[in-house]
Amino acid sequence: MRTFQALAIVLCVFGAIHLLQGPTFFWPDRFDPARGVLLGGLSSQLLGAGLVVVAALGLMAGRQAGHGDGRAAPRRWQLRYFLLIVLALGLVSAAFTTGERGPNPDWRAPASEGVQPT
């Protein structure tokens, strides 16, 4: 489990480093790949900042689990952890809210049998 957690943290950090530079990319919709959100500039950076917070949450959880005493985390730690979760959700939500919704610039309709594209 710790290996998976370490892998997730490393992927979040590398993804955040890339996204904090503000690249433009298209995030297709889950149910309709012809539509989605174009993330670029500020929205891409907000998503990267959300990933940084998620990586910090993973480190916090790993350190707390490493104590191994079986007791619940202190109340201040739990409050800090909760506030960071809310911050991460807020940053990711803000990224998708500020992103431009629209059609996928690279999507092509599947070719039907007997119909030639024009």
Side-chain angles (χ1 to χ4, degrees):
M1 185 66 182
R2 287 182 190 241
T3 303
F4 174 73
Q5 185 179 16
L7 177 66
I9 291 169
V10 168
L11 288 175
C12 284
V13 168
F14 282 130
I17 288 170
H18 176 69
L19 289 172
L20 287 174
Q21 296 171 7
T24 301
F25 66 97
F26 188 80
W27 191 293
D29 188 16
R30 182 171 161 187
F31 299 111
D32 183 11
R35 303 198 51 77
V37 180
L38 183 66
L39 299 168
L42 177 63
S43 59
S44 182
Q45 291 171 342
L46 286 170
L47 187 59
L51 282 176
V52 167
V53 176
V54 169
L57 286 166
L59 289 173
M60 282 179 66
R63 290 191 67 205
Q64 181 62 32
H67 292 308
D69 54 8
R71 293 181 303 174
R75 186 170 174 82
R76 289 187 64 204
W77 184 93
Q78 292 178 10
L79 180 62
R80 212 173 346 183
Y81 194 77
F82 173 74
L83 290 175
L84 283 174
I85 288 174
V86 171
L87 176 64
L89 289 173
L91 287 169
V92 171
S93 296
F96 283 102
T97 301
T98 59
E100 182 180 338
R101 298 197 177 279
N104 186 344
D106 297 327
W107 191 80
R108 303 286 183 260
S112 300
E113 291 183 27
V115 178
Q116 296 293 327
T118 58

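Predicted model only: the values in this text are computed from it and were never measured.
- Contact detail for Gly50 and Ala88: the closest heavy-atom pair is O-CB, 4.2 Å.
- Here the OG atom belonging to Ser93 is positioned 6.0 Å from the CG atom belonging to Leu89, to the nearest 0.5 angstrom.
- Under a 3.5 Å cut-off, the side chain of Ser44 and the backbone N or O of Pro23 do form a donor-acceptor pair.
- Cluster annotation: Phe26 is not connected to Leu46 through the hydrophobic network of ILVMFWY side chains, with a link wherever side-chain heavy atoms come within less than 4.5 Å.
- Among all heavy-atom pairs drawn from Gln64 and Trp77, the shortest one is CB-CZ2, 3.7 Å.
- Under the 3.5 Å distance criterion, the side-chain polar atoms of Asn104 are matched with a main-chain donor or acceptor of Pro33.
- Taken together through direct or relayed side-chain contacts under 4.5 Å among Ile, Leu, Val, Met, Phe, Trp and Tyr, Leu87 and Ile85 form part of one hydrophobic cluster.
- Nearest heavy-atom pair, Gln78 versus Ala72, reported as atom, atom and distance to 0.1 Å: NE2-CB, 4.2 Å.
- The shortest distance between side-chain heavy atoms of Pro74 and Arg80 does not fall below 4.5 Å.
- Note that CZ of Phe4 and CD1 of Ile9 are 10.5 Å apart. Values are rounded to the nearest 0.5 Å.
- Taking OG1 of Thr98 as the reference point, atom CG of Leu39 lies at 7.5 Å (rounded to 0.5 Å).
- Taking both residues in full, the closest heavy atoms of Ala61 and Tyr81 are given as CB-OH, 3.9 Å, listed atom of the first, atom of the second, then distance.
- Side-chain contact between Val92 and Leu47 is present, with at least one heavy-atom pair separated by less than 4.5 Å.
- Relative orientation of the Trp27 and Phe25 rings is tilted, given thresholds of 30° and 60° on the angle between their planes.
- The shortest side-chain heavy-atom distance between Ile17 and Val13 falls under the 4.5 Å cut-off.
- Residues Leu20 and Val52 have side chains in contact (heavy-atom distance under 4.5 Å, counting atoms from C-beta outward).
- The 12-atom threshold is exceeded at CD of Gln5, counting heavy atoms of other residues, nucleotides or ligands nearer than 6.0 Å.
- Leu84 is not connected to Leu79 by any chain of hydrophobic side-chain contacts under 4.5 Å among Ile, Leu, Val, Met, Phe, Trp and Tyr, and they are in different clusters.
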